[in-house]
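Structure record follows, encoded as structure tokens.
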Amino acid sequence: MNKTKYSASAVLKGLFALLTLAFLAAALIAGARGEIFTGLGRILTSPAQITKDYFEVGSVSAAFFNAGLVGAACCLLMCIPGFEASGTTAIAYLLTVGFSFWGMNIVNIWPCMLGSFLYALVRREKPASAVNFAMFSTGLAPLVTDLFLRYPGLENHGYTALGLVLGIAVGCVIGFLTAMGCAHSPNVHKGYSIYSAALPIGMLGFFLRALLYNTLGNELPPIEAVLGDGFPVLCNVFCVVVFLAMAAAGFVLNGRSFAGYWTLLRDTGRKADYAVRYGPGLALMNLGLYGLMIVLYYNLVGAAWTGVTFGVVFCMLATGVSGSHPLNIWPIMAGYVLMSFAGVSAINAQPIIIGLCFASGLTPVAGEYGWIVGIVAGALHYSLVTSVPALHGGFCLYNGGFTCCLLCILLVPVLEKFLKSKSERLAGQAGK
């Protein structure tokens with residue numbers, strides 16, 4: 001079905017480069033342009049423990065500038081000889097730039113990334129093999145910032161030599177162990193959670209929280225959200241323009257045709273890489289249409305367009321090449337909406353907005369077992385996601401993805417015992 005002469009890797013790298021440029025351009029166009037550098041300074045010197053809105057902590061222009069810098073760093077890593085971008089790279093890049101609006105910055109990502117490349121060095125593997133792991137390892141970047149700025153106390157004392165040494169050392173350990181854990185995570189949830197890297201990141205967050213705070217007798221900083229009023233016009237215009245451009249580019253790359261997209265929409269999404277399976281044109285088209293659906297949903301439920309909401313749009317978009325599409329995400333969304341009527345948190349509450357973003361990692365469950373199971377999975381994720389931060393102290397940005405993996409560990413054995421997946425049903429029909 002690949003109707004373009006360009007490889008999937010080339011198209012994805014081009015997409016990431018253009019999106020990075022879009023963030024940098026928005027930094028110049030958005031309000032408070034005079035605060036790009038002063039705002040970035042505030043972002044770099046403030047604790048990043050969830051949930052900190054960089055529109056509020058720094059400024060709108062500074063948040064976009066930070067995302068552009070982080071995106072540029074990721075794109076530079078992709079230039080390492082021998083590296084081929086894939087659906088996994090899309091997850092890693094989009095998560096990293098998405099979190100650059102509320103948890104990551106151009107300083108706290110490097111220690112974790114360095115650890116992943118040290119793993120490749122120890123294993124005598126090519127540096128290109130560590131690029132995806134390096135981006136995933138930044139899921140614990142807020143912990144690195146805390147070690148830099150205020151550990152072992154609660155007061156922000158700024159960067160110190162001891163803090164830098166400790167943050168770099170722990171960050172390297174995080175990156176090293178993330179590269180090890182990512183290889184085994186899919187075996188735990190059997191490919192039903194797209195946010196596979198969240199399992200080792202979440203477990204590391206749990207372990208390091210216990211070691212650095214409980215075991216060593218240090219006081220854990222309270223989880224305190226910093227949220228602004230939001231910028232709905234700016235966020236909506238940026239997203240709609242970018243996602244329409246993605247869909248249009250995919251349409252052109254697919255031979256100016258929607259041919260094959262219905263086949264993609266019937267894909268279960270389990271262990272999928274749409275760029276390889278259906279070609280980069282259809283993958284890019286799906287990414288754009290999926291993104292527009294995300295924006296529509298957040299507007300319908302009345303989400304406040306803070307830097308956090310804006311960031312999670314791109315975090316949620318991350319699964320659009322590796323398993324999610326409009327037909328297998330709607331049951332997860334419906335599960336969240338239905339559960340909001342029974343729960344104490346409104347559907348547009350910021351923690352629930354973040355939670356839905358990562359509930360998209362469960363779309364293979366809906367794809368394989370049907371929309372009813374998808375609704376149940378979404379509802380269960382809603383119930384669990386706000387309880388998990390206590391495990392890692394609010395330092396794990398992949399909180400909702402970690403919840404996905406935990407839910408799969410509980411849910412998948414039950415589903416396999418009592419229900420047949422779509423793949424099993426199709427295999428049975430083919431054998432008749």
Side-chain angles (χ1 to χ4, degrees), residues 44-45 47-50 66 69-70 72-80 83 88-89 92-93 95-96 99-100 103-152 157-185 196-216 218 220-221 392-399 401-402:
L44 299 182
T45 55
Q49 186 188 30
I50 60 173
N66 180 62
L69 292 177
V70 172
C74 294
C75 289
L76 285 175
L77 293 182
M78 295 179 208
C79 294
I80 292 176
F83 178 74
T88 301
T89 312
Y93 170 84
L95 284 176
T96 305
F99 281 123
S100 297
M104 293 184 196
N105 60 56
I106 193 58
V107 170
N108 66 12
I109 61 174
W110 294 111
C112 300
M113 287 185 169
L114 177 60
S116 294
F117 286 102
L118 287 175
Y119 174 80
L121 180 64
V122 170
R123 293 279 298 173
R124 297 182 179 179
E125 297 175 352
K126 294 180 179 180
S129 68
V131 172
N132 289 336
F133 297 142
M135 288 187 280
F136 282 131
S137 69
T138 58
L140 283 172
L143 176 59
V144 173
T145 292
D146 236 65
L147 297 176
F148 283 163
L149 297 179
R150 58 182 181 180
Y151 186 82
H157 50 64
Y159 292 92
T160 63
L162 180 60
L164 288 171
V165 170
L166 183 60
I168 292 171
V170 172
C172 285
V173 170
I174 291 169
F176 195 95
L177 295 179
T178 297
M180 294 175 61
C182 283
H184 297 281
S185 180
S196 190
L199 184 59
I201 288 291
M203 295 303 294
L204 278 171
F206 174 48
F207 172 77
L208 290 171
R209 172 207 185 278
L211 175 63
L212 294 171
Y213 293 94
N214 290 17
T215 303
L216 297 180
N218 297 310
L220 182 72
H392 51 74
F395 294 122
C396 178
L397 292 170
Y398 295 172
N399 178 73
F402 183 46

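Not measured: the values here are computed from a predicted model. Atoms considered below: every heavy atom in the structure, side chains included; atoms not considered: hydrogens, waters and symmetry mates.
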For Y151, run the side-chain contact (heavy atoms from CB on, under 4.5 Å) check against L162, L166, T145 and tell me which one passes. L166

A130 versus S116, closest heavy-atom pair with distance: CB-O, 3.6 Å

All heavy atoms of I106 vs all of A73, minimum pair found to be CD1-CB, 4.3 Å

Heavy-atom nearest pair, Q49 first then G393, reads NE2-O, 2.7 Å

Shortest non-hydrogen contact from I80 to P127? CG2-CB, 4.1 Å

Which residues pass the side-chain contact (heavy atoms from CB on, under 4.5 Å) test with F207, sequence neighbours left out? L211

Between the CG atom in L140 and the CG atom in D146, the distance rounded to the nearest 0.5 Å is 12.0 Å

Neighbour count >12 (heavy atoms, 6.0 Å) for atom OH, Y213: yes

Does atom NE2 of H157 have more than 12 heavy-atom neighbours, drawn from other residues, nucleotides or ligands, at distances under 6.0 Å? yes

Closest heavy-atom contact between Y93 and C74? CD1-CB, 3.8 Å

Main-chain N/O of F136 paired with Y398 side-chain donor or acceptor, under 3.5 Å: yes

Using modelled atom types and a 3.5 Å cut-off, is there a donor and acceptor pairing between side-chain atoms of S100 and backbone atoms of T96? yes

Would you call F206 and C396 a side-chain contact if the rule is heavy atoms closer than 4.5 Å? no

Could you check L177, V144, L114 and say which one makes a side-chain contact (heavy atoms from CB on, under 4.5 Å) with C172? L114

State whether the side chain of S137 and the backbone N or O of C112 hold a donor-acceptor pair below 3.5 Å, judged by distance alone. yes

Which pairs with one or both residues in residues 125-142 pass salt bridge (charged side-chain N to carboxylate O under 4.0 Å, His left out), sequence neighbours excluded? R123-E125

For the atom pair CD1 (I50) and CZ (F99), what is the distance rounded to the nearest 0.5 Å? 8.5 Å

Using 30° and 60° as the class boundaries, would you call the ring planes of F176 and Y119 parallel, tilted or perpendicular? perpendicular

Which value, rounded to the nearest 0.5 Å, describes the distance between H392 atom NE2 and L397 atom CG? 9.0 Å

Under the rule for side-chain hydrogen bond (donor to acceptor under 3.5 Å, both in side chains), what residues qualify as partners of N132, not counting sequence neighbours? T89

Is there a donor-acceptor pair under 3.5 Å between the side chain of N399 and the backbone N or O of G394? no

